[in-house]
Amino acid sequence: MPAFATDRLSRGPAWRKRRVKPFVTSAASAGGLRIAAVNLHAAEAGILPGMPLADARALAPGLEVAAADPLGDSEQLTKLAAWCGSFSPWTAPESAGSGPDGAGIWLDATGCAHLFGGEEDLLRELVQRVQRMGFGVRAALADTAGAAWAVARFAAGKDGARAILVPPGATAAALAPLPMAGLRLPGPVIEGLAVLGLRRIADLMTMPRAPLVARFGGSVTDRLDRALGQSNESISPLVPEVPHRERLGLAEPVGTRPALEAALAHLLTDLCARLAREHAGARRLDFALFRVDGHVAHVRVGTSRPVREPKHLARLFAEHLDNVEVGEGIEVLTLTADSIEALAADQLEMPGPALDHALATAGVADLVDRLTNRLGADAVLRLVERPSHVPERAGVTVAAARHGEEKPIVLPPGRGERPLRLFPTPFPIDAVAPVPDGPPVMFRWRRVLHRVARAEGPERIAPEWWRTSLSWTTPWEETTRDYYRVEDESGRRFWVYREGLYPLGYAAAVAKDDDEEAVEDSEQAARVAALPRWFVHGLFA
Amino acid sequence: MSPVLQLDASLTALRTRIRAIEAPGEYRVASMGAPALDAALPWGGLPRGCLHEIAGTPGDAGAAIGFAAALVARLRAPQQVARLRAPQQDARLRAPQDGRLHAAHEEARQVLWCVRGDTDSEVGALYAPGLRSFGLAPQQVLLVRAATTAQVLWAMEEGLRAGGLAAVVAEVDDVDFSTSRRLQLAAEARGVTALLIVPALSAVSGAVTRWQLSSRGGEGESLHPKWSVELTRCRGGAPAAWEMEWNHATNDFAVVAGVRDRSVESRPGLAQAAG
């Protein structure tokens with residue numbers, strides 16, 4: 001994009017005159033305002049970047065000027081690079097140069113061309129779309145990144161074509177007539193080469209290498225090798241390479257829900273067919289919708305197991321399609337499987353109970369995905385039993401989406417009946433109970449007095465001493481629980497427990513107090529404070 | 001035709017229509033395990049694939065939840081033979097061998113249980129070891145803890161429409177008629193039984209049966225779940241009430257005493273048919 005900075009500021013109907021007249025951006029520098037970037041008309045008038053603004057005004061009296069905004073340029077370029085993701089998953093912005101080179105975007109079109117009907121069609125469509133967005137653009141596709149860079153900037157296409165395709169193997173021929181600047185060399189090096197009479201890349205190809213390296217360092221030969229594909233060049237991509245990807249370009253932008261669903265179904269069918277060929281299933285999917293105005297909306301879903309069932313995946317996406325902002329319309333849609341896992345071909349059961357069971361299991365997994373995608377992973381749970389005596393540790397929940405295979409567990413033997421409902425934190429209650437280990441006779445919970453009609457117990461559950469959360473200094477008598485199943489007079493059944501034991505000799509002391517009646521209040525208070533406490537922990541059916 | 005006769009004819013037509021609306025409908029059944037209970041239901045057992053509403057009494061949430069767990073246990077229990085009660089209802093039931101085939105894997109089916117996540121401190125969280133007492137292995141229960149009642153109902157409908165489940169249970173504060181009607185249609189569509197636990201029965205509902213539950217103190221030292229169960233509405237059947245007990249060992253109901261079949265009191269003709 002030779003005039004990226006000025007094009008960016010000339011988009012939209014309000015700035016029509018910036019497109020038809022000389023237009024420059026200017027930046028403050030030592031000695032006043034200087035030109036930062038020029039458009040085509042300004043360049044024709046002889047205005048060059050770096051020229052003082054006053055000189056430029058003299059050359060082109062009607063000059064349009066705007067302040068240079070390198071940050072805005074680079075933001076726009078990154079956005080545009082992301083938008084180019086509709087052509088290739090592998091895109092990277094080249095630094096938004098405001099010099100004569102303009103700005104560029106790298107695309108690795110490897111394996112993408114067939115989606116557009118060939119490399120030539122890909123290039124043509126890319127150029128057309130970028131131009132429609134208001135950017136002057138030249139694109140080249142070549143065997144190497146270096147050659148594409150040089151050809152895009154310096155080669156004259158046939159009949160002024162803006163998209164140039166360098167056929168495989170023709171890289172050297174395409175590079176030969178180009179000026180030395182096509183090798184991305186620093187200015188002083190290019191000048192130095194020019195002094196030696198080396199102006200075109202062809203001149204370099206025939207030169208002996210040793211003197212070149214001696215005079216200019218390794219950079220010249222290095223760049224040449226890269227451009228010719230004799231050494232590798234790495235470009236860091238904006239998005240990491242993602243292989244499982246389908247793309248749908250639309251002739252007309254769409255914005256209605258049925259149209260998006262149809263497009264999604266189309267992409268899912270293709271992607272799932274590919275996954276089936278590779279015996280894989282998707283765990284995470286990204287549905288990207290590229291809007292006409294360059295914005296990209298993403299809809300992401302996850303599954304609890306590898307899936308390649310288009311219908312199921314479509315249902316997962318359907319939940320979120322309503323939230324997509326379509327703006328002026330969607331013109332390109334891509335579907336990417338971010339995470340895939342091996343998934344063997346489905347083994348069909350013979351019709352009968354086994355098949356019914358297999359279908360039911362698959363149906364439940366689909367249901368888990370749908371619920372999880374709508375309500376969140378923390379809301380869809382599996383109940384799990386653990387081999388523990390401590391009630392709150394014996395039954396826990398885990399997210400169904402993360403729940404793996406069942407491991408058989410050995411339940412502790414001799415466990416009493418457990419309540420259907422367990423309170424996460426037991427509620428303290430005021431209970432009246434015989435000393436030292438009788439079930440409560442009555443208790444008050446939530447301001448209601450319950451008289452116990454019948455009770456079963458105690459079931460003594462001691463803390464697990466191997467758990468580090470317990471302090472060694474806590475005497476076991478204080479944390480041991482005696483559980484009782486009690487039924488009140490109206491038939492409600494509770495699971496209550498007493499934490500701790502009555503101190504040794506407590507009953508005798510109370511009996512004696514009753515006899516003597518002259519007991520210090522403080523003494524009694526201290527004794528009450530040390531007494532075990534009662535809790536209600538669960539409800540029976 | 002005289003106006004009186006005309007009126008009579010239209011009344012007859014209206015009666016026929018009402019009878020058709022009130023017909024119990026065709027459902028596969030799950031035996032309740034107690035002949036007295038099965039006999040009171042016009043299908044000869046608890047119909048599958050429809051909505052049942054269960055209400056507790058204030059301050060006594062355990063009974064309704066326990067009754068729901070017991071019904072789930074009955075729905076998943078292997079069914080030997082579909083019970084037939086009266087000859088005129090034979091046609092409404094599928095052939096018995098069909099029922100047996102289906103029963104072969106009924107106990108392997110899972111149960112979806114939907115609650116509001118913030119009710120834990122009120123009525124407690126569903127507890128895996130406790131469910132085991134009702135013959136429900138924890139890995140067969142899928143628990144949804146949604147943020148709102150609307151989400152609970154959505155999850156329930158989603159589970160009903162997914163099919164492949166033994167039952168879907170939901171605990172909600174309130175349900176309006178159109179929602180319950182929706183749930184009933186969703187249950188019918190895939191033949192999944194829906195159990196809706198509500199604090200109190202509303203005036204109207206789309207449910208096929210409605211039950212009012214309360215805990216009951218029993219005689220003796222037994223701590224088995226004991227409930228007063230009132231069948232307040234039953235499509236095509238008469239209201240009834242029982243004092244019943246749930247037996248954890250055999251996973252079935254036992255009618256203890258005081259059978260108060262209101263149909264016997266109000267409709268002598270029906271009582272004779274019911275035996």
Side-chain angles (χ1 to χ4, degrees), chain A residues 352-354 356-357 359-364 366-368 370-371 374-376 378-386 391 394-397 400 403 406 411 415 417-425 427 446 448 453-456 485-495 537-541, chain B residues 59-63 65-67 69-70 101-102 104-105 108-110 112-113 117 120-121 123-134 137-147 151 154-155 158-159 162-166 214-218 220-223 225-228 246 248:
Chain A
D356 288 352
H357 180 59
L359 289 177
T361 312
V364 170
D366 290 0
L367 178 66
V368 167
R370 278 208 300 290
L371 296 174
R374 167 87 168 249
L375 305 173
D378 299 338
V380 187
L381 307 160
R382 285 258 174 219
L383 296 175
V384 174
E385 268 185 303
R386 295 266 160 80
V396 294
T397 55
H403 187 53
E406 275 310 316
L411 295 176
R415 193 172 70 181
E417 203 188 312
R418 290 290 179 260
L420 198 51
R421 295 287 189 160
L422 194 79
F423 294 112
T425 42
F427 289 101
R446 287 181 178 161
V448 178
R454 51 191 66 77
E456 251 178 41
R485 292 167 57 202
V486 301
E487 184 179 304
D488 74 3
E489 282 173 335
S490 63
R492 275 170 283 189
R493 282 165 287 275
F494 304 87
W495 208 32
H537 203 171
L539 301 176
F540 285 97
Chain B
D60 185 12
I65 292 160
F67 186 69
L101 244 183
H102 186 80
H105 61 273
R109 287 177 185 256
Q110 306 208 357
L112 179 70
W113 200 298
D120 280 2
S121 59
V123 292
L126 209 59
Y127 188 49
L131 276 177
R132 225 176 239 291
S133 309
F134 286 87
Q139 60 266 26
Q140 284 164 329
V141 179
L142 188 62
L143 177 67
V144 168
R145 284 161 52 93
Q151 284 186 345
W154 173 82
E158 206 55 21
L165 296 167
S214 56
S215 292
R216 183 175 62 82
E221 290 301 301
S222 155
L223 273 170
K226 294 178 287 288
W227 304 305
S228 297
W246 173 256
H248 281 315

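Since this is a predicted model, take the numbers as computed values, not measurements.
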For [X] and [Y], work out which heavy atoms get closest and say how close.
| X | Y | value |
| --- | --- | --- |
| B/V141 | A/R382 | O-NH1, 3.4 Å |
| B/Y127 | A/A394 | OH-CB, 3.7 Å |
| A/E487 | B/K226 | OE1-NZ, 3.4 Å |
| A/A400 | B/L142 | CB-CD1, 3.8 Å |
| A/R421 | B/W113 | NH2-NE1, 4.2 Å |
| B/D120 | A/F423 | O-CD2, 3.6 Å |

Which atoms of [X] are under 4.5 Å from chain B, going by heavy atoms: the side chain, the backbone, both sets, or neither?
| X | result |
| --- | --- |
| A/T425 | neither |
| A/L375 | side chain |
| A/L539 | side chain |
| A/F427 | side chain |
| A/L367 | side chain |

_From OG (B/S214) to CZ (A/R492), nearest 0.5 Å_ = 10.0 Å

*Once you round to the nearest 0.5 Å, how far does CZ of B/R145 lie from CG of A/D378?*
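Between B/R145 CZ and A/D378 CG, I get 9.5 Å after rounding to 0.5 Å.
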
Against chain A, label [X] side chain, backbone, both or neither, depending on which of its atoms sit under 4.5 Å from a heavy atom there.
| X | result |
| --- | --- |
| B/A162 | both |
| B/W246 | neither |
| B/F134 | side chain |

Option that, when pairs with chain A are counted at under 4.5 Å, heavy atom only, ranks first among [options]:
| options | answer |
| --- | --- |
| B/G62, B/P129, B/G130, B/A128 | B/P129 |
| B/S133, B/A146, B/A125, B/P225 | B/A125 |
| B/A155, B/S215, B/G66, B/G164 | B/S215 |

*In terms of heavy-atom pairs under 4.5 Å, which option from A/A379, A/G395, A/S490 contacts chain B the most?*
A/A379

*asked:* Only pairs of heavy atoms separated by less than 4.5 Å count here; which of A/R374, A/R446, A/E489 has the most with chain B?
replied: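 The candidate making the most pairs under 4.5 Å is A/R374.
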
*How would you list, by chain and number, every residue that makes a salt bridge (charged side-chain N to carboxylate O under 4.0 Å, His left out) with A/R485, sequence neighbours excluded?*
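Salt bridge (charged side-chain N to carboxylate O under 4.0 Å, His left out) list for A/R485, sorted by chain: A/E417, A/E456.
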
*Please name all residues satisfying salt bridge (charged side-chain N to carboxylate O under 4.0 Å, His left out) with A/E385, sequence neighbours left out, ordered by chain then number.*
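Scan of A/E385 (salt bridge (charged side-chain N to carboxylate O under 4.0 Å, His left out), adjacent residues dropped) gives A/R415, B/R132.
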
*Between A/L381 and B/V144, is any pair of side-chain heavy atoms under 4.5 Å apart?*
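Answer no - side chains too far apart.
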
